[in-house]
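Structure first, commentary second.
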Protein chains: 2
Amino acid sequence: MEFNKISPQILDAIKAIAGDDAVLTGQESLEKYSHDETEDLVYYPEVVVKPQTPEQVSALLKLCNENTIPVTPRGAGTGLSGGALPVKGGLLIAMERFNRVLEIDEQNLQATVEPGVVTEEFMNQVAAKGLLYPVDPASKGSCFIGGNISHGSGGPRVVKYGTIREYVLNLQVVLPSGEIIWTGANTLKYASGYNLTQLIIGSEGTLGIVTKIVVKLVPAPTQDALMLASFPANELACAAVSAIFRAGVIPSALEFMERRGVEWVKEHDDIAFDLQDGIEAFLLIEVDGTNQDVIFADCEKINAVLEEYECRDVLFADSSAQKEELWRLRRTMAVSVKSNSVYKEEDTVVPRAALPLLIKGIKETGAKYGFESVCYGHAGDGNLHVNIIKAHMSDEDWNNKLKSGIREIFELTVSLGGTLSGEHGIGLVQKEFMPIKYSDTHFAIWRGIKQVFDPKGILNPGKIF
Amino acid sequence: MEFNKISPQILDAIKAIAGDDAVLTGQESLEKYSHDETEDLVYYPEVVVKPQTPEQVSALLKLCNENTIPVTPRGAGTGLSGGALPVKGGLLIAMERFNRVLEIDEQNLQATVEPGVVTEEFMNQVAAKGLLYPVDPASKGSCFIGGNISHGSGGPRVVKYGTIREYVLNLQVVLPSGEIIWTGANTLKYASGYNLTQLIIGSEGTLGIVTKIVVKLVPAPTQDALMLASFPANELACAAVSAIFRAGVIPSALEFMERRGVEWVKEHDDIAFDLQDGIEAFLLIEVDGTNQDVIFADCEKINAVLEEYECRDVLFADSSAQKEELWRLRRTMAVSVKSNSVYKEEDTVVPRAALPLLIKGIKETGAKYGFESVCYGHAGDGNLHVNIIKAHMSDEDWNNKLKSGIREIFELTVSLGGTLSGEHGIGLVQKEFMPIKYSDTHFAIWRGIKQVFDPKGILNPGKIF
């Protein structure tokens with residue numbers, strides 16, 4: 001598809017739709033929108049617009065569709081796969097003014113929000129009413145709910161509460177034609193026509209732009225316990241994961257962290273934490289509920305499992321402050337690791353019991369290709385984030401040889417029954433690895449679906465496939 | 001689309017693919033496949049075939065696709081929307097020989113099953129390992145898991161555990177072209193490409209034929225409590241439903257039953273149950289978990305809510321036998337009601353708190369159009385099944401006037417934020433009502449998606465839209 005540039009006439013039309021103050025054009029003001037959190041990639045859009053209503057989004061998409069101008073929708077820009085990068089230039093639609101929580105419906109335990117609401121702010125508003133919206137990616141303090149939908153986001157609590165797929169009931173979506181539809185109904189289930197809600201979730205802004213979101217809420221747990229277990233070996237920590245579930249417990253979080261990650265958080269963040277010799281990995285385990293006895297009983301079951309896997313030490317958080325500190329350890333890990341070196345982050349997911357083989361393979365591949373990695377992630381879901389660190393690797397090796405190593409990691413992931421991304425999406429940087437898992441038939445179906453929604457291919461071009 | 005008939009040559013080809021003993025042609029042997037549980041509708045296929053392998057299904061679809069012969073996939077034939085009726089004749093593919101549980105993976109809490117496995121048989125095999133597969137439609141004793149996927153099935157436990165959408169991890173699907181794909185990965189989440197797993201679920205056999213299913217399992221609860229609460233008015237029972245969740249409890253089942261339904265079960269089924277005067281409706285409420293104290297505490301919270309809504313009496317089941325009896329009351333209601341009269345069953349779903357307005361409107365519409373109805377269903381999900389009874393209605397009114405009444409019920413459902421079907425699907429009999437909820441844009445997208453998977457439209461033609 002040959003795209004057109006934004007002419008002065010079209011720029012005027014964009015300003016007429018959204019207002020002069022909603023349109024950015026100078027190099028300096030575009031800088032913020034030229035990158036997300038993906039490696040060191042930079043792509044400038046021609047123009048940024050910040051609409052405020054579905055009708056403005058509709059008019060903008062209609063304009064761009066008629067003039068064959070590429071459109072990149074952007075949430076908070078916290079993505080790790082380059083999904084928000086305007087690789088074809090064109091118009092970037094920044095959704096940051098869609099920042100209102102429109103309704104928290106306490107009768108139906110539902111809420112209606114705009115896509116530019118920061119996830120944690122929404123969680124806090126919901127919590128103030130004794131309710132829980134449990135989809136809390138590590139970046140919850142800055143990411144938008146709209147971006148979470150684009151990637152089918154997860155986070156630590158998926159293991160008990162499910163991904164965002166299980167909370168989104170209905171979406172208002174603007175199509176490239178400018179038509180505005182609701183994908184489904186504000187109901188806990190529906191079986192009427194192909195499920196467009198689930199199709200939009202995870203479609204990375206390539207099918208339409210979400211302008212309103214109806215989510216399910218649940219009663220908030222009133223109690224929790226948090227423990228940090230240390231292990232002499234990565235594989236032992238990973239092996240304990242599936243055993244915990246087999247013991248009949250579903251933790252509300254079950255996170256894996258490599259020693260190196262913890263070290264870097266300590267250097268970067270001044271977290272008080274005594275890191276002992278001989279420890280290679282940690283599991284951060286949370287159990288929540290409404291009854292302290294049940295939580296204690298679950299913790300005891302977990303403890304018994306941990307002992308079987310040579311767990312060295314279990315630290316029980318004994319205050320809210322300590323819980324916060326331990327969670328900060330996990331949540332700031334991504335930033336700490338990335339601030340130490342140039343990096344690439346790969347998002348692997350396998351059936352839980354395959355985690356020991358996955359981590360073993362990742363380290364062997366690193367040894368073979370000469371790269372260091374720091375792994376952490378949502379082990380309870382079988383989801384490991386693999387941060388590959390440039391460190392002393394030559395530019396030549398980093399830019400060329402490394403790719404074969406990453407390919408081997410994904411080949412291993414797929415051979416273990418897994419796939420390329422658990423929650424970060426494919427975006428720009430993972431798409432070359434998609435054929436490891438998916439056949440020409442998959443690509444033909446995906447392209448066919450894309451064609452149905454976006455015949456001219458203007459929406460987030462260059463992503464996924 | 002002009003379809004072709006099955007010629008003697010094609011019949012020979014079908015026999016060559018699946019074996020002579022797998023092919024039925026005589027009127028008598030086709031009778032069973034000419035109807036499902038939908039009203040009194042009858043449509044004969046030309047030929048029935050019972051393949052046993054994905055490769056046979058592939059060869060059959062390829063043959064029919066090349067020769068433009070309509071294909072209707074069929075599970076157990078327990079559907080209530082006519083999804084398995086071969087309305088265009090052609091070949092009916094009966095999946096009953098795909099009846100193996102291939103693996104129960106206790107390490108990963110996953111299982112791989114074939115689509116012709118009876119839901120309850122699978123649940124029992126899983127339960128024997130201390131695990132739970134919670135998707136148990138009322139017809140669980142006879143329906144197939146493959147059919148459950150076609151409709152995105154629910155059942156009483158959705159309210160706590162979610163629909164089948166939250167348990168299916170990966171599907172092996174044969175496309176009309178004969179290609180066999182896996183839709184995703186055997187992982188608890190994935191964010192790699194448009195989610196084909198979720199697209200196939202609820203597509204009512206119009207996009208492909210499912211031949212293997214990977215589902216998630218969870219640790220089984222070890223305790224439960226069951227109570228039956230009686231109310232002087234339908235609307236009071238319905239109003240109590242959303243209040244229970246607001247009190248911070250998530251029951252594992254929360255079912256509504258009208259008095260008339262209970263009366264008919266008693267007539268039909270000899271269930272020992274003392275039905276007192278002045279009672280119009282019941283809520284059957286189950287709470288499960290792993291700790292008796294927590295369950296008691298939840299029951300007390302529920303009781304306090306019930307009192308606020310003028311609940312007359314709460315019967316606590318005090319033995320497994322009594323629990324079974326109460327569940328039998330609910331589960332046989334569909335059959336009992338239907339055995340009393342010609343009927344039509346409509347499947348309405350609204351946000352929970354709208355249930356009182358829904359049931360009020362259903363009864364008012366009945367009074368206006370002169371029909372009786374018996375309502376029951378998964379009130380915790382906002383899902384009411386409306387059984388319309390012919391009783392003394394004239395054939396003329398039943399065949400013509402009634403349709404306007406049903407339309408009004410669905411218009412009300414949609415105006416309350418709901419939609420046409422919560423779990424029964426659209427199939428044949430609900431499709432005329434789809435425009436009440438969905439626009440031309442929805443239909444265009446759905447038709448476009450259909451075209452991608454099935455360009456010649458051979459798969460389950462005449463359904464959904």
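Reminder, nothing fancy here: chain letters follow the sequence lines and each chain counts from 1. Excluded from the calculations below are hydrogen atoms, water molecules and symmetry mates; all remaining heavy atoms, backbone and side chain alike, are included.
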**Prompt:** Picking from A:Thr163, A:Asn383, A:Thr419, what satisfies side-chain hydrogen bond (donor to acceptor under 3.5 Å, both in side chains) with B:Lys189?
**Reply:** A:Asn383

**Message:** Rounded to the nearest 0.5 Å, what separates atom OH in B:Tyr194 from atom CZ in A:Arg447?
**Reply:** 10.0 Å

**Message:** Which one wins on heavy-atom pair count under 4.5 Å against chain B: A:Ser242, A:Gly154, A:Gly289?
**Reply:** A:Ser242

**Asked** At a heavy-atom separation under 4.5 Å, does A:Leu175 approach chain B through its side chain, its backbone, both, or neither?
**Response** side chain

**Fill in**
Between the CH2 atom in A:Trp446 and the CG atom in B:Asn195, the distance rounded to the nearest 0.5 Å is 10.0 Å

**Asked** What option among A:Thr290, A:Thr206, A:Asp298 has the most heavy-atom pairs under 4.5 Å with chain B?
**Response** A:Thr206

**Residue A:Phe443 versus chain B: region with a heavy atom under 4.5 Å** = neither

**Per-residue contact mode, A:Lys437 against chain B (heavy atom under 4.5 angstrom)** = side chain

**Request:** Go through the atoms of A:Leu196 and report whether side chain, backbone, both or neither lie under 4.5 Å from a heavy atom of chain B.
**Result:** side chain

**Request:** For A:His442 and B:Trp182, indicate whether the former's side chain and the latter's backbone hold a donor-acceptor pair under 3.5 Å.
**Result:** yes

**Asked** Which one of A:Ala444, A:Gly162, A:Ser192, A:Ala353 has the most heavy-atom pairs closer than 4.5 Å to chain B?
**Response** A:Ser192

**Which of B:Ala191, B:Ser153, B:Pro219 touches chain A most, by non-hydrogen pairs under 4.5 Å** = B:Ala191

**Message:** Which one wins on heavy-atom pair count under 4.5 Å against chain A: B:Glu204, B:His151, B:Gln430, B:Met434?
**Reply:** B:Met434

**Complete:** Looking only at heavy atoms, the pair that brings B:Thr187 and A:Val349 closest together is CG2-O, 3.6 Å

**Item:** Per-residue contact mode, A:Leu416 against chain B (heavy atom under 4.5 angstrom)
**Value:** neither

**Fill in**
Bottom line for A:Ile445: the part with an atom under 4.5 Å from chain B's heavy atoms is both

**Message:** What part of A:Val158 gets within 4.5 angstrom of chain B, counting heavy atoms only: side chain, backbone, both, or neither?
**Reply:** side chain

**Request:** Go through the atoms of A:Ile426 and report whether side chain, backbone, both or neither lie under 4.5 Å from a heavy atom of chain B.
**Result:** both

**Asked** What distance do B:Phe245 atom CZ and A:Leu131 atom CG have between them, rounded to the nearest 0.5 Å?
**Response** 12.5 Å

**Message:** Distance check, rounded to the nearest 0.5 Å: B:Ser439 atom OG versus A:Glu179 atom CD?
**Reply:** 7.0 Å

**Request:** For the pair B:Asn186 (side chain) and A:Gly417 (backbone), establish whether a donor and an acceptor sit closer than 3.5 Å, ignoring hydrogens and angles.
**Result:** no

**Asked** Who among B:Lys463, B:His424, B:Arg165, B:Gln451 has the most heavy-atom pairs with chain A under 4.5 Å?
**Response** B:Arg165

**Complete:** When the 4.5 angstrom heavy-atom criterion is applied to A:Phe465 and chain B, the contacting part is side chain

**Fill in**
Pair count under 4.5 Å, heavy atoms only, with chain A: among B:Gly152, B:Ala354, B:Gly425, B:Gly382, highest is B:Gly425

**Message:** Please rank A:Val218, A:Val214, A:Leu207 by heavy-atom pairs under 4.5 Å with chain B and give me the top one.
**Reply:** A:Leu207

**Complete:** Here the gap from A:Gln107 atom CD to B:Arg246 atom CZ, rounded to the nearest 0.5 Å, amounts to 7.5 Å

**Request:** Find out whether B:Ile201 and A:Gln198 are in side-chain contact, i.e. whether some heavy atom of one side chain is under 4.5 Å from a heavy atom of the other.
**Result:** no

**Fill in**
So CG of B:Leu188 and NE2 of A:His378: to nearest 0.5 Å the spacing works out to 12.5 Å

**Asked** With chain A, which of B:Ala247, B:Gly448, B:Ser421 has the greatest number of heavy-atom pairs at distances under 4.5 Å?
**Response** B:Ser421

**Asked** Out of B:Ile250, B:Leu420, B:Leu199, which one racks up the most heavy-atom pairs below 4.5 Å with chain A?
**Response** B:Ile250

**Asked** Is the side chain of A:Asn291 donor-acceptor paired with the backbone N or O of B:Val294 at a distance under 3.5 Å, no angle test?
**Response** no

